[in-house]
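A short write-up of the structure that comes next.
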Amino acid sequence: MHDLSYFRNHFDRVAERLATRSNPPSLEQFRDLDQRRRAAITQTEQLKAAVNKASAEIGPLLREGKDATAQREQVRVMKAEIASLDEQVKSVDTQFQELLTGIPNTPHESVPVGKDADDNVEVRRVGEPRTYDFAPKPHWDLGLELGILDLERAAKITGARFALYWDMGAKLERALINFMLDVHTREHGYTEVLPPFLVNSQSLFGTGQLPKFKEDLFKCEGQDFWLIPTAEVPVTNIYRDETLEGDALPIRLCAYTPCFRSEAGSYGRDVRGIIRVHQFQKVELVKFTRPEDSYAELEKLTADAEDILRRLCLPFRTVVLSTGDMGFSSAKTYDIEVWLPGQNGYKEISSCSNFEAFQARRAGIRFKSGKKSEFAHTLNGSGLAVGRTWVAIVENYQQKDGTVLVPEALRPYLNEEVIRPRKL
RNA sequence: GGAGGAAUGGGUGAGUGGUUGAAACCGGCGGUCUUGAAAACCGUUUGCGGGGUGACUCGCACGGGGGUUCGAAUCCCUCUUCCUCCGCCA
């Protein structure tokens, strides 16, 4: 959510910047609604002040034993008028809030202007894709042949786009989770948290998934519980409606959680394998910072996520998303893309964003700054998507004989150097 | 799931219909005193939203929502959360 007075006072400049997004918000109504809302508020509040004044006079009159019928009648009439005016205020305010909360964040000045993902700008490329003296297979073939990934039974148990891992497949997933959490907590200074995997509407509003993107989420029937689409939601909301001590910043948290996404609107995309599924595992990095530090912290957070890929010796590149490819709440986003031989290309494995005060304003996350309190900046990024890291390892470390080599860094976690085929 | 109890400002906690946006204490901030610090003393210390260049002013908020009343922290309804006891349970 935008700062209202800033938005009002810099309307043309902000509107121009917002127009560079892929779904630019319609702002035509803003000025009219804003003005109508303020006029309505002024009107009712003046009347309320009159009522307060009149009814304060009644008490003393009664105490003196005088008659107050006239005053009572006067207040009663004004109250009736207020009731109808309040309706108007409520109606215009609701419209205004809907408009305001539906406006995406302003892209930071360093974000390249562009239409879509094609206009994203590569900022780094690390590692060389391996060359194979055989045709590398995609992970869905490898997973089946190795007996570690069982998509058919997952579909039976639940449905399409779910995964069942067996044996070394399950252990690899678990090893990756532990490895990532260990690196971030021991080497990068993050504190581990284990949050609820179900959240309420208020939390989803705080991080910006609601009200606009509810079709992407799973909801529990008859209850205000939603399956989390990312740990960003419960972890960022840890400090919802709280004021943090200024000295406590920056706060760096990391969390492992499963993530649940309905993937509505993604039909036909990444249908094979487990690149795009309804449930996947992720280790998430979340930061709360002072405004002046947030961009430096974004660089560090992105580097922390990249470090996992470096340690696993997986080739990757990092791009800065163009204005046309950014998410709703973000002011700046880096995507980290890992090399996948099965796709013969780079595929997103982490998305690292600075939301500035956009989420903090929605969620009421403040910090003490001298005598005043102000909104913190929030950031987050995948560190990393575990399922896609699993894919990257299986595909990049496959060998001619059908086995998969375990990356050096994971061997202590797996007690194996090679994943060998087994019967499913 | 059943039975009781509770929810007030950063914290403790008073307040059961009319200058109570809220006593008191603690904490925080500023000051006096002091070589410095402590102590003592004085002052100050909620948020959101309107109006005004500004001094300032108005409205709303005592867990959330609704109601009674000229007037609600205080009375009623409802929801939520927490505590105690019982039941169930990994």
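Order of the sequence lines fixes the chain letters, A, B, ..., with proteins taken first and strands second; residue numbering starts at 1 for each chain. The structure displayed is predicted, hence computed values, not measured ones.
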Euclidean distance for [atom1], [N] against [M] (whole angstrom):
N: rA37(B); M: rC29(B); atom1: P; answer: 14 Å
N: rU16(B); M: rG63(B); atom1: P; answer: 15 Å
N: rU80(B); M: rG43(B); atom1: P; answer: 46 Å
N: rC58(B); M: rG21(B); atom1: P; answer: 13 Å
N: rA73(B); M: rG13(B); atom1: C1'; answer: 14 Å
N: rG47(B); M: rC85(B); atom1: C1'; answer: 39 Å
N: rA6(B); M: rU74(B); atom1: P; answer: 15 Å
N: rG66(B); M: rU12(B); atom1: P; answer: 28 Å

Atom-to-atom span, [atom1] of [X] to [atom2] of [N] - whole angstrom:
X: Leu47(A); N: rG51(B); atom1: CG; atom2: P; result: 17 Å
X: Glu242(A); N: rU46(B); atom1: CD; atom2: C1'; result: 16 Å
X: Phe367(A); N: rG10(B); atom1: CZ; atom2: C1'; result: 17 Å
X: Gln202(A); N: rG65(B); atom1: CD; atom2: C1'; result: 14 Å
X: Leu33(A); N: rG50(B); atom1: CG; atom2: C1'; result: 17 Å
X: Arg366(A); N: rC48(B); atom1: CZ; atom2: C1'; result: 8 Å

### Task
If a protein heavy atom is under 4.0 Å from the base, mark B; if only from the sugar-phosphate, S; if neither, -; do that for nucleotides 56-63 of chain B going 5' to 3'.
--BBS---
Does [N] pair with anything, Watson-Crick or G-U wobble, both distances under 3.5 Å, and if so, with which nucleotide?
N: rA40(B); answer: rU32(B)
N: rG59(B); answer: rC48(B)
N: rC75(B); answer: rG67(B)
N: rG54(B); answer: none
N: rA3(B); answer: rU84(B)
N: rA23(B); answer: none

### All pairs passing ring pair (Phe, Tyr, Trp, His ring centres under 6.0 Å) where residues 29-53 of chain A contributes a residue, at least two apart
Phe7(A)-Phe30(A), Phe11(A)-Phe30(A), Phe30(A)-Phe96(A)
### Message
According to ring pair (Phe, Tyr, Trp, His ring centres under 6.0 Å), does anything in residues 232-266 of chain A pair up with another residue at least two apart or in another chain? List the pairs.
### Response
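Listed once each, the pairs are Tyr239(A)-Phe288(A).
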### Basic-acidic side-chain contact under 4.0 Å: Arg310(A), Glu306(A)
yes
### Query
Is it true that Lys300(A) and Asp304(A) have a side-chain N and a carboxylate O under 4.0 angstrom from each other?
no
### Query
Who passes salt bridge (Lys or Arg N to Asp or Glu O under 4.0 Å) against Glu145(A), sequence neighbours left out?
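Testing Glu145(A) for salt bridge (Lys or Arg N to Asp or Glu O under 4.0 Å), a comparison that skips the adjacent residues, returns Lys137(A).
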### Task
Kindly write out the residues that satisfy salt bridge (Lys or Arg N to Asp or Glu O under 4.0 Å) with Asp93(A), not counting sequence neighbours, or none if the list is empty.
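For Asp93(A), the residues satisfying salt bridge (Lys or Arg N to Asp or Glu O under 4.0 Å) (neighbours in sequence not counted) are Arg37(A).
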### Task
Quick one: closest heavy-atom pair of Arg362(A) and Gly206(A), and the distance?
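Shortest heavy-atom contact: CB-O, 3.5 Å.
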Considering only distance and modelled atom types, tabulate donor-acceptor pairs under 3.5 Å from the side chains of residues 406-418 of chain A, sequence neighbours left out.
from: Arg411(A); atom 1: NE; to: Val406(A); atom 2: O; distance (Å): 2.8
from: Arg411(A); atom 1: NH2; to: Val406(A); atom 2: O; distance (Å): 3.0
from: Tyr413(A); atom 1: OH; to: Asp182(A); atom 2: OD2; distance (Å): 2.6

Are there any protein N/O atoms within less than 3.5 Å of an N/O atom in nucleotides 18-21 of chain B, and if so, which ones and at what distance?
from: rG18(B); atom 1: N2; to: Ser55(A); atom 2: O; distance (Å): 3.2

Identify each atom pair where a protein N or O and an N or O of nucleotides 74-80 of chain B are less than 3.5 Å apart, giving names and distance.
none

### Query
Would you say Asp293(A)'s side chain and Thr289(A)'s backbone share a donor-acceptor pair under 3.5 angstrom?
no
Under 3.5 Å, which donor-acceptor pairs link side chains of residues 15-22 of chain A to any protein atom two or more places apart or in another chain?
from: Arg17(A); atom 1: NE; to: Pro107(A); atom 2: O; distance (Å): 3.2
from: Arg17(A); atom 1: NH2; to: His108(A); atom 2: O; distance (Å): 2.8
from: Arg17(A); atom 1: NH2; to: Val111(A); atom 2: O; distance (Å): 3.1
from: Thr20(A); atom 1: OG1; to: Arg17(A); atom 2: O; distance (Å): 2.6
from: Arg21(A); atom 1: NE; to: Asn105(A); atom 2: O; distance (Å): 2.8
from: Arg21(A); atom 1: NH1; to: Met326(A); atom 2: O; distance (Å): 3.4
from: Arg21(A); atom 1: NH1; to: Gly327(A); atom 2: O; distance (Å): 3.0
from: Arg21(A); atom 1: NH2; to: Asn105(A); atom 2: O; distance (Å): 3.1
from: Arg21(A); atom 1: NH2; to: Gly327(A); atom 2: O; distance (Å): 3.0
from: Arg21(A); atom 1: NH2; to: Ser330(A); atom 2: O; distance (Å): 2.8
from: Ser22(A); atom 1: OG; to: Gly324(A); atom 2: O; distance (Å): 3.3

Are side-chain N/O atoms of [X] and [Y] paired as donor and acceptor at under 3.5 Å?
X: Gln359(A); Y: Glu232(A); answer: yes
X: Ser5(A); Y: Asp3(A); answer: yes
X: His377(A); Y: Glu356(A); answer: no

### Query
Are the aromatic rings of Phe328(A) and Phe358(A) close, with centres under 6.0 Å apart?
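Yes, close enough.
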For residues 274-282 of chain A, tabulate all N or O donor-acceptor pairs below 3.5 Å that involve a side-chain atom, not counting sequence neighbours.
from: Arg276(A); atom 1: NE; to: Asp270(A); atom 2: OD2; distance (Å): 3.1
from: Arg276(A); atom 1: NH1; to: Glu263(A); atom 2: OE1; distance (Å): 3.3
from: Arg276(A); atom 1: NH2; to: Asp270(A); atom 2: OD2; distance (Å): 3.1
from: His278(A); atom 1: ND1; to: Arg261(A); atom 2: O; distance (Å): 2.8
from: His278(A); atom 1: ND1; to: Ser262(A); atom 2: O; distance (Å): 3.3
from: Gln279(A); atom 1: NE2; to: Gln281(A); atom 2: OE1; distance (Å): 3.2
from: Gln281(A); atom 1: NE2; to: Glu173(A); atom 2: OE2; distance (Å): 2.8
from: Lys282(A); atom 1: NZ; to: Thr230(A); atom 2: OG1; distance (Å): 2.9
from: Lys282(A); atom 1: NZ; to: Glu284(A); atom 2: OE1; distance (Å): 2.6

Report yes if at least one side-chain N or O of [X] is closer than 4.0 Å to OP1 or OP2 of [N]; otherwise report no.
X: Arg8(A); N: rG50(B); result: yes
X: Arg38(A); N: rG51(B); result: yes
X: Arg37(A); N: rG51(B); result: no

### Interface residues of residues 75-96 of chain A with RNA chain B (non-hydrogen, below 4.0 angstrom)
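Within this stretch, Val75(A), Lys79(A) sit under 4.0 Å of the strand.
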N/O donor to acceptor pairs below 3.5 angstrom from side-chain atoms of residues 147-155 of chain A, sequence neighbours left out:
from: Asp150(A); atom 1: OD1; to: Arg153(A); atom 2: N; distance (Å): 3.1
from: Asp150(A); atom 1: OD2; to: Arg153(A); atom 2: NH1; distance (Å): 2.8
from: Asp150(A); atom 1: OD2; to: Trp166(A); atom 2: NE1; distance (Å): 3.1

